[in-house]
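These notes are about the structure you will find just below.
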Protein chains: 2
Amino acid sequence: MLQLLGEFECKIDAKYRLRLPAGLISQLNSPAPPTFVINRGFEQCLMLYPEGVWNRISEEVNQLNLYNQQNRAFVRYFYRGAQKVTMDSADRILINKRLLDYAGIDKDVVLSAYNDRIEMWAVDAYEQILANEPNDFSELAESVLGGKNNPDL
Amino acid sequence: MLQLLGEFECKIDAKYRLRLPAGLISQLNSPAPPTFVINRGFEQCLMLYPEGVWNRISEEVNQLNLYNQQNRAFVRYFYRGAQKVTMDSADRILINKRLLDYAGIDKDVVLSAYNDRIEMWAVDAYEQILANEPNDFSELAESVLGGKNNPDL
DNA sequence: TTAAAAAAAAGTGGTAGAAAGTGGAGTAAT
DNA sequence: ATTACTCCACTTTCTACCACTTTTTTTTAA
């Protein structure tokens, strides 16, 4: 089970390539050059899933009966343009222009890894969302993690 | 079992031909030039099924008793103008004008592959459908992907 | 403890080959 | 004769690989 961690600032070059930081690649303990699935995430970011993680998740989604309207909407939204990306020989992945536009990414990017996945943000969007959190963070923690005497906090 | 994936932006030429992206063709692991069945999809898109997938699906529908009025209506709706399309020597398929009209496709198209099939959308229609989250998304996610704090979302 | 050397990581660009895009002409069908 | 489809040829764009420079970190030795 993956336990990714870390926040990395990276740059996207003129050819829409993003080099993955060595500190992140090493966490994947993948023997071959790692492959990912990338798609649109919530709140204007992109999500990067190690291939194995994506497969595990999508397997369940693919069980859904697609004659059901609600299910179709769900599957579409779940995928949100997911596509496979592979690293080149210089540890870079090529990112679709459409996806970059979605996240408002121009050049400067923050990668934020947690659990088994990686979020990709435009730097300014990331800073903005972090700046807004603290106000309601404790409230949020309370409702997410249960009672205010939760030992986990 | 096919596990298609990917979002591709393509153009339809003046002769209503669509070149299938190499990244998609390679996923079909079909030795001969692949054949598809195309028909009207739900929600203003066209559906492209690899021939084998279509055969599997239509087989079930063909079990229905056609002397039943309701069954006939369903079958008609199921087929919705389905037709076989084959790739030409330049990896293009010719798409019926009536189908293109149905999906409001002029020139720019997004192919979105998931599970064992491919959806074909007019670019603007696609962006619109992705723009809003289905209102019951999180509930569905809960029932499909398990617990209420499921990390898979 | 510091400085120099070495190694790793980050950043950049060129290029060959593949893929995408486009048009024309020949053939078949109506 | 006109339309519709298929094949063929060509140009442009893209992308994966390779090579190189700069920066940062680690190691080694004075």
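Letters A, B, ... are given to chains in the order of the sequence lines, protein chains preceding strands, and every chain is numbered from 1.
Here the range on DNA chain D touched by chain B, meaning any atom under 4.0 Å from one of its heavy atoms, is dC5(D) to dC8(D).
Sequence neighbours left out, not one pair with a member in residues 27-41 of chain B passes salt bridge (charged side-chain N to carboxylate O under 4.0 Å, His left out). For residues 122-139 of chain B, the pairs satisfying salt bridge (charged side-chain N to carboxylate O under 4.0 Å, His left out) are Arg98(A)-Glu127(B), with sequence neighbours left out. The ring pair (Phe, Tyr, Trp, His ring centres under 6.0 Å) pairs that include a residue from residues 22-51 of chain B are Tyr49(B)-Trp54(B), where partners are two or more places apart or lie in different chains.
Below 30°, between 30° and 60°, or above 60°: for Tyr77(A) and Phe137(B) the angle between ring planes is above 60°, a perpendicular geometry.
Residues satisfying the salt bridge (charged side-chain N to carboxylate O under 4.0 Å, His left out) criterion with Lys84(A), sequence neighbours excluded, are Glu51(A). Considering only residues two or more places apart in sequence or on other chains, Ala90(B) meets the side-chain contact (heavy atoms from CB on, under 4.5 Å) condition with Asp88(B), Arg92(B). With sequence neighbours left out, the salt bridge (charged side-chain N to carboxylate O under 4.0 Å, His left out) criterion links Asp108(B) to Lys11(B).
Applying the under-4.5 Å side-chain rule to Ile, Leu, Val, Met, Phe, Trp and Tyr, the cluster around Val110(B) extends to Trp121(B), Val123(B), Tyr126(B), Ile129(B), Leu130(B).
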>> Using a 4.0 Å heavy-atom cut-off to protein, can you give one letter per nucleotide of nucleotides 17-30 of chain C, 5' to 3': B if the base is in contact, S if only the sugar-phosphate is, - if neither?
In response: --SBBBBBB-----
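Asp88(A) has its CG atom 14 Å from the P atom of dA10(C), to the nearest Å.
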